2 protein chains.
Amino acid sequence: MSANNTQFSIAIHLMAGLGYGVRSDITSTDLASSVNACPSFVRRILSKLSKAGLVRTMRGKSGTCQLARPADDITLLDIYEAVDAPKVFAVHAYPAQSLCPVSCGFKPMIDHVLEKAQISFEETLTETTLADVITEIKKGT
Amino acid sequence: MSANNTQFSIAIHLMAGLGYGVRSDITSTDLASSVNACPSFVRRILSKLSKAGLVRTMRGKSGTCQLARPADDITLLDIYEAVDAPKVFAVHAYPAQSLCPVSCGFKPMIDHVLEKAQISFEETLTETTLADVITEIKKGT
DNA sequence: ACATATTGTTACCCTAAAAGAAACAATATC
DNA sequence: GATATTGTTTCTTTTAGGGTAACAATATGT
């Protein structure tokens, strides 16, 4: 859709699909049709989730995907880290002008600010579990 | 550099340059050389800061830029809002599959999650003023 | 009045990241 | 051994961000 990374959002969708509970034999194609994205792309994200230990996948005929842990033991931060999503804001990376004190002192300062903001963002993510997400989806529909 | 938006980071740099205090007759070209970006791009960001009332600019010969308010009365959130930086994470925008409850209930849920994370991120930004930023730059150099 | 130096805005191009898509390898089931 | 799945690679397409230049708008100074 855009040049913005939506993998975190999609990953939450996938996890919610797996944890929703209607069926237990869900394939990447099923998930792809729920997300409305191409199966290949979904499998790429699913593979990350699998490597992070959030999802158990089974290859071969009648292969399926399942949550590796109970939904209330998975936070949004777990998912965020699994897909290796980009930071909340990017820092420009121009070479510092050695004559300019602002240019020289900028990098350490902005890194510090970014880190603080990032941590605060991630803390919010730990406050919501996949179980919460699923509950809210069921409520909203 | 990347497909990520660095205008927020650059805007902080510009504001710090204006508030640093070495000179009061700073032009967009001066700022551009400090940031190491092209003047035109800097002016585009500067223009946003001006429209947001954070910077006073003067056109014409010997035109300059100045902070419109004291640095301790400007927070990072002011700057963030001025440049209209992107949200902390993007939500995928595929059409919902009407047959799938997860697909249908997903949007309101993720919007809620995003809003919470966004607010928490922005609160962190209010905790740091431009004066803090400048102090830290001076300390670091 | 006119030349000049600045900000403000627009338009266009280039690049890099994200996503779509297809092909194929690896693997398990029947 | 046929088949259906996940896993991985590769290529293409799309899109947003940024680089750049040109010019409009505006104020200063001579």
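Atom set for the values below is all heavy atoms of this structure, side chains included, hydrogens, waters and symmetry mates excluded. Since the model is a prediction, treat every value here as computed from it, not as a measurement.
Listed pair Gln7(A) / dA19(C) meets the phosphate criterion, a side-chain N or O lying under 4.0 Å from OP1 or OP2. Side-chain N/O atoms of Thr64(B) include none lying less than 4.0 angstrom from OP1 or OP2 on dT7(C). Applying the 4.0 Å criterion to OP1 and OP2 of dT9(C), one finds that Ser47(B) has a side-chain N or O inside that range. In this model, the phosphate group of dA16(D) is not approached by any side-chain N or O of Asn4(A) to a distance below 4.0 Å at OP1 or OP2.
A donor-acceptor contact shorter than 3.5 Å is absent between the side chain of Thr128(B) and the backbone of Leu125(B).
Between Asp30(B) atom CG and dT6(C) atom P the separation is 8 Å, expressed in whole Å. What separates NZ of Lys87(A) from P of dA17(C) is a distance of 16 Å, to the nearest Å. One can place CZ of Arg56(A) at 17 Å from C1' of dT5(D), the figure rounded to the nearest angstrom. Whole-Å rounding puts the Asn36(A) CG to dA19(C) C1' distance at 14 Å. One can place CG of Asn5(A) at 12 Å from P of dG20(C), the figure rounded to the nearest angstrom. Whole-Å rounding puts the Lys48(A) NZ to dT9(D) P distance at 13 Å. Going from atom OH of Tyr94(A) over to atom C1' of dT20(D) covers 12 Å, rounded to whole Å. Atom C1' of nucleotide dT9(C) and atom CG of Leu46(B) are separated by 14 Å, given to the nearest angstrom.
A donor-acceptor contact under 3.5 Å links the side chain of Arg44(B) to the base of dT20(D).
A ring-centre distance under 6.0 Å is not found for His92(A) and Phe8(B).
Heavy-atom distances to DNA chain D give each of Lys61(B) and Arg43(A) a nearest nucleotide, and the one nearer the 5′ end belongs to Arg43(A). Position along DNA chain D of the nearest nucleotide to Pro86(B) versus Ser62(B) favours Pro86(B) as the more 5'-ward residue.
A cation-pi geometry, defined here as NZ or CZ lying under 6.0 Å from the six-membered ring centre and within 45° of its normal, holds between Lys138(B) and Tyr20(B).
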field: Verdict with supporting geometry, Asp132(A) and Thr135(A), side-chain hydrogen bond (donor to acceptor under 3.5 Å, both in side chains)
entry: CA-CA 5 Å; Asp132(A) 297 332; Thr135(A) 301; 5.5 Å; no
query: Between Ser120(A) and Ser120(B), is a side-chain hydrogen bond (donor to acceptor under 3.5 Å, both in side chains) present by the stated rule, with each step listed?
result: CA-CA 7 Å; Ser120(A) 148; Ser120(B) 148; 3.0 Å; yes
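With distances taken from any side-chain atom of Arg59(B) to the nucleotides dG18(D), dG8(C), dG20(C), the minimum falls on dG8(C). Looking at the side chain of Ser28(B), the nearest of the listed nucleotides dT7(C), dA11(C), dG20(C) is dT7(C).
Two residues are said to be in side-chain contact when any heavy atoms from C-beta on lie closer than 4.5 Å; Leu67(A) and Arg56(A) fail this criterion.
As judged by a 4.0 angstrom heavy-atom cut-off over every strand, Lys51(B) is placed among residues touching the sugar-phosphate backbone only. Within 4.0 Å (heavy atoms only), Ser40(B) reaches at least one base atom of the nucleic acid. Nucleic acid contact class of Thr27(A) (heavy atoms, under 4.0 Å, all strands): sugar-phosphate only. Looking at heavy-atom distances under 4.0 Å, Phe41(A) makes contact with sugar-phosphate atoms alone, never a base.
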